[in-house]
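A note on names: the letters A, B, ... follow the listed sequences, proteins ahead of strands, and every chain is numbered from 1.
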Number of protein chains: 2
Amino acid sequence: MAYAKSGWTALADATRRTIFERLVDHPSSVSGLARALPVSRPAVSQHLRVLKDAGLVVDAPAGKQRIYRVDPAGLAALRAELDVFWSKTMAAYKTAIEQSPEEPK
Amino acid sequence: MAYAKSGWTALADATRRTIFERLVDHPSSVSGLARALPVSRPAVSQHLRVLKDAGLVVDAPAGKQRIYRVDPAGLAALRAELDVFWSKTMAAYKTAIEQSPEEPK
DNA sequence: CTAACGCGTAAGGCTAGACTTACGTGTTGT
DNA sequence: ACAACACGTAAGTCTAGCCTTACGCGTTAG
């Protein structure tokens, strides 16, 4: 399942990262988030849209409200991508100890 | 240690992510990276500056060139931050299942 | 010494996107 | 029924930042 936008892009903005961090702690409604942030409610809606498109959050209607929560699948995808970076880096780091690899090209 | 800019911001841009991915595979010079990318060499320099400020890469002079490589410490910091998200999300996910049984579809 | 290479930085143009206000839709309570 | 609430979206403004060309500094080869 391909996401509309990369999770990296979604978590790039500071405000959006704050929203995500709050959702990590506990699910919230849109206005609940907006009340705790220095931006307007529509701005929060737009941020949530980006996070949703990235697969990082899911939403469910709850009466008049709409509760957003973190989507474990999207977070896992990001984690997997980062782990590839990590393992490759560690592998290169390990081989770099005994010899000094030079890359002229 | 605090970095000038968040690693999330540094990896937000697609071009910068490509540069980082190449450095994950093997250290490179600036022009080496520029040759493989559809942007100019100064653009690569500016991207590397952002990655360096975020603590994700380190550079070392090598003759006329300047070799950039991934900094394991910066990558580990990002990984740690993501792991916090992950563990918190899993904890909330687990209690959500225990308290309210998920209805099968 | 001089020329060429590799790199970083400055200055400017231009697009992406973060934010606002205004409005429309669906839901709940009176 | 109407009114209030929660939310999403449209339209427009404005800033951040990505990319370019032009230039200056250090390093190496001839």
What's the closest nucleotide to the side chain of [X] if the choices are [options]?
X       : options               : value
A:Ser40 : C:dG8, D:dG8, C:dT21  : C:dT21
B:Ala43 : D:dC5, C:dT20, D:dT20 : D:dT20
B:Lys64 : C:dG6, D:dC18, D:dA6  : C:dG6
A:Arg49 : D:dT9, D:dC7, C:dT9   : D:dT9
B:Gln46 : D:dA11, C:dC7, C:dA10 : C:dA10
B:Val39 : C:dG8, D:dT20, C:dC19 : D:dT20

Classify the nucleic acid contact of B:Arg16 as base, sugar-phosphate or nothing, counting any heavy atom under 4.0 Å across all strands shown.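 B:Arg16: backbone/sugar contact only, no base atoms under 4.0 Å.
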
Mind checking if A:Pro42 touches a base, just sugar-phosphate, or nothing, with heavy atoms under 4.0 Å?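 Touches a base.
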
Between atom [atom1] in [X] and atom [atom2] in [N], what is the gap in whole Å?
X       : N      : atom1 : atom2 : result
A:Asp53 : C:dA16 : CG    : C1'   : 16 Å
B:Trp8  : D:dG17 : CH2   : C1'   : 21 Å
A:Lys52 : D:dG8  : NZ    : P     : 8 Å
A:Gln65 : D:dG8  : CD    : C1'   : 15 Å
A:Asp13 : D:dG17 : CG    : C1'   : 13 Å
A:Leu48 : C:dA18 : CG    : P     : 13 Å
B:Arg35 : C:dG6  : CZ    : C1'   : 10 Å
B:Arg66 : D:dG26 : CZ    : P     : 13 Å

Both B:Thr15 and B:Arg41 contact DNA chain D. Taking the nearest nucleotide for each, which residue is further toward the 5' end?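 Closest to the 5' end, via its nearest nucleotide, is B:Thr15.
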
Is A:Tyr68 close enough to D:dG8 that one of its side-chain N or O atoms is under 4.0 Å from OP1 or OP2 there?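 Yes, such a contact exists.
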
Has B:His47 got a side-chain N or O lying under 4.0 Å from the OP1 or OP2 atom of D:dC19?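 Checking D:dC19 against B:His47, a side-chain N or O does come within under 4.0 Å of OP1 or OP2.
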
Within the distance-only criterion (no hydrogens, no angle test), does the side chain of [X] pair as donor or acceptor with the backbone N or O of [Y] below 3.5 angstrom?
X       : Y       : result
A:Arg41 : A:Ala34 : no
B:Arg16 : B:Thr9  : yes
B:Arg17 : B:Ala12 : yes

I want to check something: taking the side chain as every heavy atom from C-beta on, are B:Leu78 and B:Leu11 in contact at a cut-off of under 4.5 Å?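 Of all side-chain heavy-atom pairs linking B:Leu11 with B:Leu78, at least one is under 4.5 Å.
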
Under a 4.0 Å threshold between the charged nitrogen and the carboxylate oxygen, would B:Lys52 count as salt-bridged to B:Asp71?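 No, no charged N to carboxylate O under 4.0 Å.
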
